[in-house]
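Note that this is a predicted model, so its numbers are computed, not measured.
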Protein chains: 2
Amino acid sequence: MASTIKDVAKMADVSISTVSRVINDSKPVSPEARRRVLHAIEVLDYRPNEVARSLVTKKSNLIGVIVDDIGSTYVSYVLRGVEEIGRMYNYDIILLSSYGDPEVEMKFSKLLFQKQVEGVIVISSTLNQKLMYKLEESKIPYANINRFYDIEEDLTVRINYEKVSSEMVEHIIENGHSNIASIAIRKDIDRTEEKYKVDGYESAMKNHGLSTRSLYTAGITEQDVLDIANEIDDAIENGTTAFFCSQDEIAVYLINYLVDRGIKVPDDISVTGFGGTGITNIYRPKLTTVKIPYYDIGAVAIRKILKVINKEEGLEERILLPVQILKRDSVKKLN
Amino acid sequence: MASTIKDVAKMADVSISTVSRVINDSKPVSPEARRRVLHAIEVLDYRPNEVARSLVTKKSNLIGVIVDDIGSTYVSYVLRGVEEIGRMYNYDIILLSSYGDPEVEMKFSKLLFQKQVEGVIVISSTLNQKLMYKLEESKIPYANINRFYDIEEDLTVRINYEKVSSEMVEHIIENGHSNIASIAIRKDIDRTEEKYKVDGYESAMKNHGLSTRSLYTAGITEQDVLDIANEIDDAIENGTTAFFCSQDEIAVYLINYLVDRGIKVPDDISVTGFGGTGITNIYRPKLTTVKIPYYDIGAVAIRKILKVINKEEGLEERILLPVQILKRDSVKKLN
DNA sequence: CTGTTAGCGCCTTCAT
DNA sequence: ATGAAGGCGCTAACAG
């Protein structure tokens, strides 16, 4: 059995209050007493029991994080930010992976409440409104981070997808392309970031008096891309020289498809993506893409929660994260 | 303020003992009392406070997981297994990411002890002996999962790298190759899985009377591979037609290097890897590689810990996980 | 500066 | 079958 505050008190020949005072540095303690306590702590290898401490202080220093799949790159990148900033403020992360099951997520939230977490962060690719309601009514601070859905009310951290999309399209245009198609995900597009990307694409094109061609996939799997092969072929036959894709996965599977058909990227066709995670550094050609600051998204989310917990006054500004376009090798300069 | 067991007792007009009995199903309670308690719980939306519960039962149902980088594919894949199996047994995961700093890891272990975790799992790419000692002397069950180091005493879960390496080399030989080189990581090779891989390669080659050529990198970054470009070129000039690589990253960067030099894979040169994570499905050509069961590695590790916690008698067998060779497109059949 | 006391919310004997 | 009482390890008044 680990030693307790009592053992330390006994050994140092003081009361447990005094021990508590030195470990918390809460009230003045005479140098002599402090010395003895410290010594006893050392000898007994005493470590305060956080569970007991939480019970009385009502602070668990725990943030619950519900994710849909810890194995996904998106989730793990966001988690980096959450974990590191949480740590800076002495908060630990309890991690729960739901694999996208909404019912499981409901159970998780209950579990987390019982564990007395002080905040909850949800990192997912799907939407679970029921979970949001439950978190809302729980009155504990929470943040919702979603890979696709970008909903005004839920917003925690946002990115100006429309603007950066326009910039990316400008970049493609500057490289001499004029027949540029976009590919985005159709599902729930009115509530996802995809809408903003397509809007950005279309407005940039219109600003240059160019006509648009917007293709849509069902998702980001290889099959989803192959399913619109006809439309891709069609675009190319009609002179499309560049594809502005709303996600790195789409871009990469598109390139795979093109290469398999003997079409070279970027020599014959240029392609851009959105995301900028590891794969885009390894894959050849190195993808020209928008680097989404996943780490910062996580960091800002937990920071916001901690602010609420600590009742920091921070004016509730909407945080808009800057993004960066990585100009690499998948866009060719036409002459 | 959330309602407590007292509130429930008052509302149901019973003692807190009775409430405790129904929520834990520990002792018989009259149907009538039970009904009233359940009703009160429902109305008050009562959820037992796990912190208080842990304090008295001395069970936190928490497993601490120290990782070097939550953002790494390796870590997140292993975590999937840890999390899911932990969940099955009602254990939650506290996640700490050290970014490889040994001192930080020491602090983490202390932190975890204070949080009263019942077990600790370390998932890393580096070795922290001090941490292992500390965990060992803590007397709480722990498991050490390492991406590279494969040390007899520390073993938690193991893989027969030598055997599968031989099989992979056999596969390459069956495809008509005879001049095959290996590439592995030199660092600490006597204590890493790399040794077994090279051994497997060499023994397969010798069994076929073929001569070996073993190259070594400093690590798995792109630069590490480029640093041995001369040796790679040299091997090719000397007739090498296939490279058996000890890690997917090495294989992929090697292919990048070769392709950049106008050498086609697998048409001119065949390449195999080790790992089988997501990237190898997306990358072209699809890599022929050994699929390491990361999920199972994590699952077995936590299962082992839970066995100790629950004092299950399970004979302390050494678990050897089966692996699978993914025969895909990066090895060409020579005629 | 220090010790005593009263809980935090819950489980668990021990009586009844 | 049920309630009263004690205590898990710790913090926070309250006296002194």
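- Counting to the nearest Å, the C1' atom of D:dC10 and the CD atom of B:Gln114 are 13 Å from each other.
- Atom NZ of A:Lys10 has 12 or fewer neighbouring heavy atoms from other residues, nucleotides or ligands inside a 6.0 Å radius.
- The ring-ring contact (aromatic ring centres under 6.0 Å, His included) check on A:Tyr46 picks up nothing, with sequence neighbours excluded.
- Look at B:Arg80 and B:Asp296 and you find no salt bridge, because none of the NZ, NE, NH1 or NH2 atoms lies under 4.0 Å from a carboxylate O.
- In summary, of the residues considered (A:Ile123, A:Thr277, A:Ile297, A:Val67), a side-chain contact (heavy atoms from CB on, under 4.5 Å) with A:Tyr74 occurs for A:Ile123 alone.
- Regarding contacts with the backbone of D:dC10, every side-chain N or O of A:Ser54 stays at 4.0 angstrom or more from both OP1 and OP2.
- Inspection of the B:Glu83 and A:Ser97 side chains reveals no N or O donor paired with an N or O acceptor under 3.5 Å.
- Relative to the side chain of B:Ser15, the nucleotides C:dT2, D:dT2, C:dG3 differ in distance, and D:dT2 lies closest.
- The distance from atom CG of A:Asp25 to atom C1' of D:dT11 is 15 Å, rounded to the nearest whole Å.
- Rounded to whole Å, the distance from CG on A:Asn61 to C1' on D:dC10 is 15 Å.
- With the end axes of the helix from C:dC1-D:dG16 to C:dT16-D:dA1 each set by five pairs, the angle from one to the other reads 40° at 10° resolution.
- Taking atom NZ of A:Lys10 as the reference point, atom P of D:dG9 lies 12 Å away to the nearest angstrom.
- Within the 4.5 Å cutoff, no side-chain heavy atoms of A:Lys6 are placed close to those of A:Met11.
- Contact check for A:Thr192 versus A:Asp150: no side-chain heavy atoms found under the 4.5 Å cut-off.
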Protein-to-nucleotide contact annotation, 5' to 3' order, nucleotides 7-13 of chain C [B base; S sugar-phosphate only; - none; under 4.0 Å, heavy atom]: BBBBBBB
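- Residues A:Tyr77 and A:Tyr295 keep their aromatic ring centres 6.0 Å or farther apart.
- Between the CZ atom of B:Arg36 and the C1' atom of D:dG3 there is a distance of 13 Å, rounded to whole Å.
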